[in-house]
Amino acid sequence: MSTPNSNGRVITMGQAIKEALAEELRRDPTVYVMGEDVAEAGTAFKVLKGLVDEFGPDRVIDSPISEPGITGLGVGAAMTGMRPVVDIMFGDFSTLIMDQMVNQAAKIHYMSGGKLKVPMVLRTTMGATRRSAAQHSQSLHAWFSHVPGVKVVVPSTPYDAKGLLKTAIRDDNPVVFFEDKMMYQLKGEVPEEEYTIPLGVADIKREGTDITIVATSSMVQVSLAAADKLAEIGISAEVVDPRCTFPLDKDALINSAKKTSRALVVDEGYERYGVTAELASVIADGAFYYLDAPVKRMGAMDVPIPFSPVLEDLTVPTPDTVFEMAKTLCGVN
Amino acid sequence: MAKAKSTKPAGKGAGKPAGKPAGKEDVEDLLQMYEQMVRIREFEDKVNELYTTAKMPGLAHLYIGEEAIAVGVCEALNSDDYITSTHRGHGHCIAKGAAVDIMFAELLGKAAGYCGGKGGSMHIADQANGNLGANAIVGGSAGIAAGAAFSAKRLGTGQVAVCFFGEGALGQGLLYETMNMAQLWKLPVIFVCENNMYNEYTHYNETAAGTLAGRAEAFGIHTEEIDGQDIRVVNEAAKRLVERARKGEGPSFLICNTYRYHGHHVGDIDRAYYRPKEEEQEWQQRDPITILADWIIGQKLSDQSVLDHIQADVKSEVARGAEFALNAPFPDPSEVNTNVYA
């Protein structure tokens, strides 16, 4: 894949997401955005601020607080010629839309023997440490990743977010696009020219030789910071970002683990039955004879996310905890 | 389980068909509606037979007794108008134009079925005729129907969408979220409630507070409650509501009072604990096919022999369709993981 030149243009993750939406709204008249406070308010996170000014309230549509309703409406619109982008403010509200996503959107293509399609994007958020407590802080991407018929994107940089969102909108399947709400202000180089990134292609965010750290979404940034610290003590860490939990670029994970002989998987979802378990299993299965140590995994602590900052910060992996785990895995005391 | 109340079949719901004499075109319409109701009845009788002789896997929820609603509504639609259907959906599928042989093939899980055997009775879809699919989640298709109406409005196609559901769906929140948005945005969607009085095995008096009409009226949605056994009443109401929707006047709610002759599903045979035999017999006195036949003969619009001929033709079509499906091959095992993603 050739990477377009950004010519040094640096924008935030939030701006990259808005730019992807604007480009797709401009390109394809069947694309629309619907959600709570997406128009004048530009979402609760202000990510879409100004989008309605260009495209008007018929295409950037404020909805009632009816998550199942707008998701169901999106499914039906997608089946009949539109390309909806449904905005679910907090990933925690996934609980409300699961029937429409799991029993409807995910299955309609299969149940109809391939006759009907649901080209819909569901944008939602993940990520803790915003002091938003138990019902506004979870990372529930594993739930969707579990369901055949759905694709799941977990971007970690502004560049990836823009290219992947554009691809997601053009995809003929339901795609859930998870934005870590703590990364909206993250800056990175993003070209102005048109580009897309295929779903299911991992990206090596940092090359290394001693240990593979597979990380998703905000955990990529955490792992890159850990890799800097590891380098200071002579450990060369490779950070691999799958970018999608499905389709999953298994080869990239396995090949990296074969090269380094050690693997650690870091993800912000709950560790129990989570994304880390699946990715670790893929690596253990595919790179077994090359591994010098068991595959380790780090996810969110298996507790409801607490409010108190002192407690909340304990629940997610940090550069320090990832550093310590990687160090141990490499046999360094 | 409390004893069922409100068991009178007649007189529930207003709406009398106009008494004007029928023209030639009307006669053709009436005979077409008669044929479609008979087709559903014969199809469902055959499904019952296939199921009880262990030739059909899974579940079957028969539509017998409610034929006037599917046919009366769908005859008011164009073939590119959309419908969404329910677990009790064979009638809607036929009424929207599906062929019985391909339907039987789907119900038997055969490759020749509408969904290649992957959907079955509860998920049958017929995209070519605007049928966006039966749905086994009660009320689950309300959003889909409104979404199809949203598309039609946005794309300016003039299509309308009909959402069929039973009164059991009145317990689902999604329906009310959808009604709210449909009215806010004046979407061309018609919510058709087939009130057969039983949420599976429980009378709706035990599950629905207030009035049925009041639910949609609260959103300012145009609401009509009619006799769902008289197809002329149903068809006239549907034409009115479709016209409203096409003119941009927004959604409507049509409550059709009806009765499910059989149980919740084919295996629901002992029903006395939830509804009395007398009630079943009483409702069968108002059979939708008989009501229309009596009107056609009574008004001298056609002869009994014509109706008999229709019946005989449909019966043999259904027999041939079932035979085709029974002899048709199952899907190739390699089909199991195709169509997961588009």
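What you see is a predicted model, and the numbers here were worked out from it, not measured in a lab. Naming: A, B, ... by sequence-line order, numbering from 1 per chain. All values below were derived from every heavy atom in this structure, side-chain atoms included, with hydrogens, water molecules and symmetry-related copies excluded.
- Neither the backbone nor the side chain of B:Ile124 comes within contact range of chain A; no heavy atom of the residue lies under 4.5 Å from a heavy atom of that chain.
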Quiz prompt | Derivation and outcome, side chain to side chain contact (heavy atoms under 4.5 Å, CB included), residues B:Arg154 and A:Thr30 | solution = CA-CA 8 Å; B:Arg154 258 321 118 73; A:Thr30 67; over 6 Å; no

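- A centroid separation of less than 6.0 Å is found between the aromatic rings of A:Tyr32 and B:Phe150.
- Enclosure of atom CD in A:Glu278 is not indicated, since only 12 or fewer non-hydrogen atoms of other residues, nucleotides or ligands lie within 6.0 angstrom.
- Within a 6.0 Å radius of NE2 in A:His146, other residues, nucleotides and ligands contribute 12 heavy atoms or fewer.
- Interface remark: A:Asp58 contributes backbone and side-chain atoms alike to the contact with chain B (heavy atom separation under 4.5 Å).
- Heavy atoms from other residues, nucleotides or ligands lying under 6.0 Å from CD of A:Glu54 number more than 12.
- Only the side chain of A:Lys117 comes within contact range of chain B, with at least one heavy atom under 4.5 Å from a heavy atom of that chain.
- Of the atoms belonging to B:Leu187, it is side-chain heavy atoms, and not backbone ones, that fall under 4.5 Å from chain A.
- Taking CD from B:Gln127 and CE from A:Met79, the interatomic distance works out to 8.5 Å, rounded to the nearest 0.5 Å.
- Residues B:Gln159 and A:Thr80 fail the side-chain proximity criterion, which asks for heavy atoms closer than 4.5 Å.
- Here the closest heavy-atom approach between residue B:Ala146 and residue A:Leu73 is recorded as CB-CD1, 3.9 Å.
- Side chain of A:Gln104 to backbone of B:Asn135: no donor-acceptor contact under 3.5 angstrom is found.
- Of all the heavy atoms in A:Gln100 and B:Gly140, the pair that sits closest is NE2-O, 3.3 Å.
- Of all non-hydrogen atoms in A:Leu116 and B:Leu132, the two that sit nearest each other are CD1-O, 3.7 Å.
- At a 4.5 Å heavy-atom cutoff, the contact between A:Ser63 and chain B is made by backbone and side-chain atoms alike.
- With A:Lys151 contributing its side chain and B:Tyr341 its backbone, the two residues share no donor-acceptor pair below 3.5 Å.
- Closest heavy-atom contact between A:Gly69 and B:Met181: C-CE, 3.3 Å.
- At least one side-chain heavy atom of B:Tyr114 sits under 4.5 Å from a side-chain heavy atom of A:Lys115.
- Residue A:Met34 touches chain B through its side chain alone, counting heavy-atom pairs closer than 4.5 Å.
- Within the model, atoms CD of B:Glu335 and OH of A:Tyr110 stand 8.0 Å from one another, a figure rounded to the nearest 0.5 Å.
- Residue A:Gly113 comes nearest to B:Lys118 through the heavy atom pair CA-CD, 4.4 Å, listed as atom of the first residue, atom of the second, then distance.
- Heavy-atom distances place no part of B:Thr157 under 4.5 Å from chain A, backbone and side chain included.
- Around atom CG of B:Leu326, more than 12 heavy atoms belonging to other residues, nucleotides or ligands sit under 6.0 Å away.
- For chain B, the nearby part of A:Ile108 is the side chain; its heavy atoms alone come within less than 4.5 Å.
- Scanning both residues, A:His109 and B:Asn339, for their nearest heavy atoms gives CD2-O, 2.9 Å.
- Looking only at heavy-atom pairs under 4.5 Å with chain B, the residue among A:Leu96, A:Val75, A:Val118, A:Asp99 that has the most is A:Asp99.
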